[in-house]
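One structure is given below, encoded as structure tokens.
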Amino acid sequence: MLWGKKKEEDQDQEVVSENVVDTAPPIDQKPFWQVIWPVLACGAGLFSDGYVNNVIGSVSTTLGQQYGDVYSNSNAASIVPAIAFAGTVVGQLFFGYLSDKWSRTNSLLISTIILIIFTALAAGSYYHNDAVGLFNILTAWRFFVGIGIGGEYPAGSVSCAESSGELKSGTRNTWFILFTNSMIDWGFVFGAFVPYVVAAAAHNTHYGTIWRTSLGIGVVFPLVLFVLRLKLKEPAEFSRNSMKHAKTPYFLTFKYYGFRLLIVSLIWFIYDFSAYSFSIYSSSILANIYGESTVLTTVFGWNTVINLFYIPGTMLGAPISDRLGPRYTLILGQVLQAIVGFIMAGCYARLSHPSVVGAFAVVYGIFLSLGEIGPGNNIGLLAAKTCATGVRGQYYGIAAALGKIGAFVGTYVFKHIKSADGDAIKSAQYKFYVSSSLCIFAALLALLLPHIGQDTITKEDAKFRAYLESNGYDTRQLGLKKGESLESLDETEENTVPVAKAE
């Protein structure tokens with residue numbers, strides 16, 4: 001907000017004049033590739049989120065084929081697909097605090113290392129030729145994989161949002177989306193495609209090879225990303241406005257952002273409740289259409305086709321967020337998705353036959369694609385840009401954690417959304433009715449959020465500073481470096497002010 005900046009200049013002219021170059025983001029001054037690669041390196045780690053969370057659906061299907069009723073009738077059938085979400089919640093909350101109070105880049109590096117180690121361990125799960133023991137070990141490793149994924153949200157996405165402020169105005173939301181949610185969606189696609197390729201190479205046999213290889217390939221991307229992240233520096237916005245060496249005014253922060261955080265969290269909960277549940281169980285839905293005797297490549301192949309529909313939604317929807325703004329784009333996507341969902345529920349009886357599985361994949365894919373245009377692309381953007389830099393990691397981490405709780409709940413609830421008579425068609429219809437109704441509710445909630453513009457991060461920091469100052473908080477603490485204190489700043493000001501007057 002321009003008046004906010006002007007007010008700060010009037011109140012403390014000498015200090016601001018000395019730091020005017022530092023406080024204004026160097027927008028459009030650096031070469032494009034110099035400002036885009038930190039955005040890529042920070043945000044692209046969410047590819048692993050999409051891959052690891054989607055591939056487990058195919059892994060679960062394969063385990064069902066390999067171990068039969070031993071797996072299908074065990075608790076592992078529901079725990080293995082869902083346990084990573086529990087770990088992700090822990091990671092989001094922990095790294096949210098760490099990224100605000102320690103370092104954005106170091107938090108990213110630690111979460112990447114966790115992701116690499118435990119994804120590899122999950123692929124090598126083994127327990128003395130005991131199937132149930134193997135399921136338990138796989139569950140444990142998947143929990144820790146989730147912690148690594150959780151770190152990508154508050155540390156990676158927040159850094160991505162702050163770094164995008166140096167990109168050309170009018171494109172910042174687009175680039176943020178392309179390197180965050182689009183990465184998740186590409187992860188979804190590869191998480192469906194890789195098991196298909198591996199199953200084809202294994203001739204739909206050697207089930208252990210299929211699921212272990214599919215999980216193990218998930219190590220490659222974070223390993224490459226780790227090398228890129230070694231060169232990252234702290235975002236300029238974080239360096240100017242962090243509270244890592246200041247006392248965080250949690251009570252004032254809650255008063256200012258509490259309601260906004262609640263709305264963002266509810267929308268994220270609703271989106272993940274449906275999106276991740278449909279993603280994980282899409283191969284199971286297809287298996288139900290074809291029957292239990294269908295070969296894996298058929299199920300995985302159509303699952304890949306369905307997941308490909310995420311891509312046009314996120315890629316084509318990204319520029320819309322710059323045109324309409326994230327809030328209205330989210331509402332548009334939710335309403336359109338609800339309409340398609342209600343249509344699909346009504347026509348499901350006709351679409352759920354092997355002879356028209358192509359039509360089912362197209363309509364189902366459009367349903368998923370519209371979800372990406374709306375909340376998929378924009379909920380993370382809203383979470384990253386509706387609060388001040390000093391508390392952004394924790395704010396984002398809480399919102400994302402509640403979203404993942406929605407995903408965790410959804411993977412359990414979806415199995416129990418069924419008709420009383422056990423009819424498979426009615427049961428699938430009910431899932432789409434529930435999801436579409438929630439879309440309408442989320443669209444109404446979005447009306448309560450503020451507009452997000454190109455310079456929202458800078459303006460939000462200025463407004464939050466003014467709010468803190470009006471409540472007696474000394475905002476000179478923001479951006480303090482290690483070893484600095486308010487006393488040292490006072491001494492510096494005393495030494496520099498007389499010189500300025502003499503000139």
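- Contact check on E152 versus K404 returns no salt bridge, with no Lys/Arg side-chain nitrogen under 4.0 Å from an Asp/Glu carboxylate oxygen.
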| field | S321 vs N377, side-chain hydrogen bond (donor to acceptor under 3.5 Å, both in side chains): CA-CA, chis, key distance, verdict | value | CA-CA 8 Å; S321 294; N377 277 354; 5.2 Å; no

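- A side-chain N or O of N173 and one of K385 form a donor-acceptor pair less than 3.5 Å apart.
- Looking only at atom types and distance, the side chain of E234 has no donor-acceptor partner in the side chain of S239 under 3.5 Å away.
- The pair R172-D455 meets the salt-bridge criterion, with a side-chain N (NZ, NE, NH1 or NH2) lying under 4.0 Å from an Asp/Glu carboxylate O.
- Minimum interatomic distance between R476 and D474 (heavy atoms only, all atoms of both residues): NH2-OD2, 2.9 Å.
- Taking the six-membered ring where the residue is Trp, the centroids of F188 and Y51 are separated by 6.0 Å or more.
- Contact check on E237 versus R392 returns no salt bridge, with no Lys/Arg side-chain nitrogen under 4.0 Å from an Asp/Glu carboxylate oxygen.
- Side-chain N/O atoms of Y257 and E460 include a donor and acceptor closer than 3.5 Å.
- With 3.5 Å as the limit, one finds a donor-acceptor pair spanning the side chains of T314 and S182.
- For S159 against A155, the heavy-atom pair with the smallest separation is OG-O, 2.7 Å.
- Contact of the Y396 side chain with the S157 side chain is registered, since non-hydrogen atoms from C-beta on lie closer than 4.5 Å.
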